[in-house]
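Every chain is numbered from 1, with letters handed out A, B, ... down the list of sequences.
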2 protein chains.
Amino acid sequence: MMFSTKAEYGVRVMAHLAKRDPDAPVSLGSIAEAEGLPLAYLEHLVQRLRREGLVESRRGARGGYSLSRPPEAISMAEVVRALEGDIAPIECITADADGQLVCARDGEPGHEPCATKLLWTRVQGSIVRTLSEMTLADLIPEHRQGSAEPTRSREAGGRTIPTERGPGRPAEVTKT
Amino acid sequence: MMFSTKAEYGVRVMAHLAKRDPDAPVSLGSIAEAEGLPLAYLEHLVQRLRREGLVESRRGARGGYSLSRPPEAISMAEVVRALEGDIAPIECITADADGQLVCARDGEPGHEPCATKLLWTRVQGSIVRTLSEMTLADLIPEHRQGSAEPTRSREAGGRTIPTERGPGRPAEVTKT
DNA sequence: AGTTTTCCTACCCGGTGGGTAGGATATCCC
DNA sequence: GGGATATCCTACCCACCGGGTAGGAAAACT
Ligand code: FES
Ligand code: FES
């Protein structure tokens with residue numbers, strides 16, 4: 001297993017929210033019950049989502065959570081990253097601020113270009129690409145219109161997508 | 001981090017072996033020293049590789065390990081799977097004997113097709129595909145001739161490679 | 001006021017990743 | 001044969017973290 005249940009549960013929560021009216025917040029308790037997941041644990045996860053600006057909360061009675069953007073405008077890469085942190089197949093591979101994949105051990109004495117770097121960067125690239133190409137809307141049948149082949153057309157209902165410096169970035173992953 | 005150091009170290013060992021003459025076994029001790037990894041730990045990893053038939057061993061003085069097939073005939077998917085076990089992004093997604101991706105929780109009472117299944121199967125597919133398209137030869141510069149676009153001609157060394165089918169999602173994963 | 005809900009901090013517990021220890025067995029070289 | 005050199009195997013260890021609980025404070029509703 002590569003992703004923890006944080007991603008699994010968190011994505012399920014997001015999918016649950018996507019099915020509901022965006023203007024009527026859903027309480028975590030009802031989600032927990034519907035999905036059969038521990039409420040106290042979900043609270044942690046949803047906080048991560050909130051801090052990344054993926055969901056909005058309303059406190060108090062009849063409060064709850066709702067998506068902060070339409071489902072078509074939320075890429076799964078954002079969701080997973082919010083829940084799991086940076087996506088890297090192994091320790092040394094990280095994405096710098098520019099989105100370029102770099103090895104943390106580059107520039108060590110006598111560290112000729114690591115033979116395995118090519119492998120892991122490609123793996124990372126393919127994961128991120130797959131995640132970036134899907135949106136929340138692709139997960140729920142109601143919104144799924146042309147989802148089988150995820151179109152690159154990202155302009156959803158009039159709301160511009162914050163550039164998010166995430167998806168779409170690793171055009172060419174590595175050239176050594 | 002998604003793969004453990006088992007994969008990281010193991011792949012490095014394989015890459016190290018690929019650089020050497022296949023008929024002159026290399027002792028783990030020398031690899032451990034060269035790569036700066038603990039010998040006792042590598043012993044465990046290399047056993048996994050051996051049980052999966054990826055390396056061969058010769059015991060005793062002047063013994064060691066060598067690849068059991070030419071590098072071009074060893075897909076990275078095999079290597080990673082030998083080291084890490086089955087590749088699945090989350091718990092419930094597994095590949096059955098046929099290579100089809102199934103959810104372990106399918107067929108539960110009132111379990112309508114899980115909304116997140118589509119996401120995780122795609123992720124799994126893209127990882128497996130990327131891993132399957134690369135061979136050990138692609139990692140080492142000497143053998144790297146036409147590696148950028150991995151040829152589909154998989155019959156190296158006479159040994160047939162287990163056909164490892166991913167999900168039916170053709171995509172251009174990397175075009176560098 | 002009282003209820004419902006988010007929000008936050010602290011704590012817990014089992015599993016496992018990562019690694020060590022020690023010895024048994026096989027093979028080469030002299 | 002006798003070392004020396006290796007793989008092989010089983011058992012053990014420990015810190016870390018995933019996954020989860022507990023308890024309460026602050027909002028917002030009725
Ligand atoms: S050490 Fe970072 S890619 Fe190999
Ligand atoms: S429960 Fe298996 S894919 Fe959702």
Exercise. DNA chain D: A:Tyr9 or A:Gly60, which has the more 5' nearest nucleotide?
Worked result: A:Tyr9
For this session: Between B:Ser27 and B:Arg50, just flag the one whose closest nucleotide in DNA chain D comes earlier from the 5' side.
Result: B:Ser27
Does a nitrogen or oxygen in the side chain of [X] sit under 4.0 Å from OP1 or OP2 of [N]?
| X | N | value |
| --- | --- | --- |
| A:Gln47 | C:dC8 | yes |
| A:Tyr41 | C:dC12 | no |
| B:Ser57 | D:dT7 | no |
| B:Ser4 | C:dG18 | yes |

Exercise. Is there a donor-acceptor pair closer than 3.5 Å between any side-chain N or O of B:Glu72 and the backbone N or O of B:Thr135?
Worked result: no
Exercise. Does A:Arg12 pair with A:Glu8 as a salt bridge, N-O distance under 4.0 Å?
Worked result: yes
Could you give the side-chain donor-acceptor pairs of residues 41-49 of chain A under 3.5 Å, partners two or more places apart or in another chain?
residue: A:Gln47; atom: OE1; partner: A:Arg50; partner atom: NE; Å: 2.9
residue: A:Gln47; atom: OE1; partner: A:Arg50; partner atom: NH2; Å: 2.8
residue: A:Gln47; atom: NE2; partner: A:Tyr65; partner atom: OH; Å: 3.1
residue: A:Arg48; atom: NH1; partner: A:Leu83; partner atom: O; Å: 2.9

Can you figure out which of [options] approaches the side chain of [X] most closely?
| X | options | value |
| --- | --- | --- |
| B:Arg59 | C:dT25, C:dA10, C:dC28 | C:dT25 |
| B:Leu28 | D:dC29, D:dT7, D:dG20 | D:dT7 |
| B:Arg51 | D:dT10, C:dT3, D:dC9 | D:dC9 |

Problem set entry | Global bending angle along the helix from C:dA1-D:dT30 to C:dC30-D:dG1, which compares the axes of five pairs at either end, to 10 degrees | 20°
Exercise. Counting any heavy atom closer than 4.0 Å, what does B:Gly29 reach on the DNA or RNA strands: base, sugar-phosphate only, or nothing?
Worked result: nothing
Exercise. Does a distance-only test, which skips hydrogens and angles, find a donor-acceptor pair under 3.5 Å between the side chain of A:Glu43 and the base of C:dC7?
Worked result: yes
Problem set entry | Atom pair CG (B:Leu28) and CD (B:Glu33), whose distance is rounded to the nearest 0.5 Å | 12.5 Å
For this session: Measure from CG on A:Leu45 to P on C:dC7 and round the result to the nearest Å.
Result: 14 Å
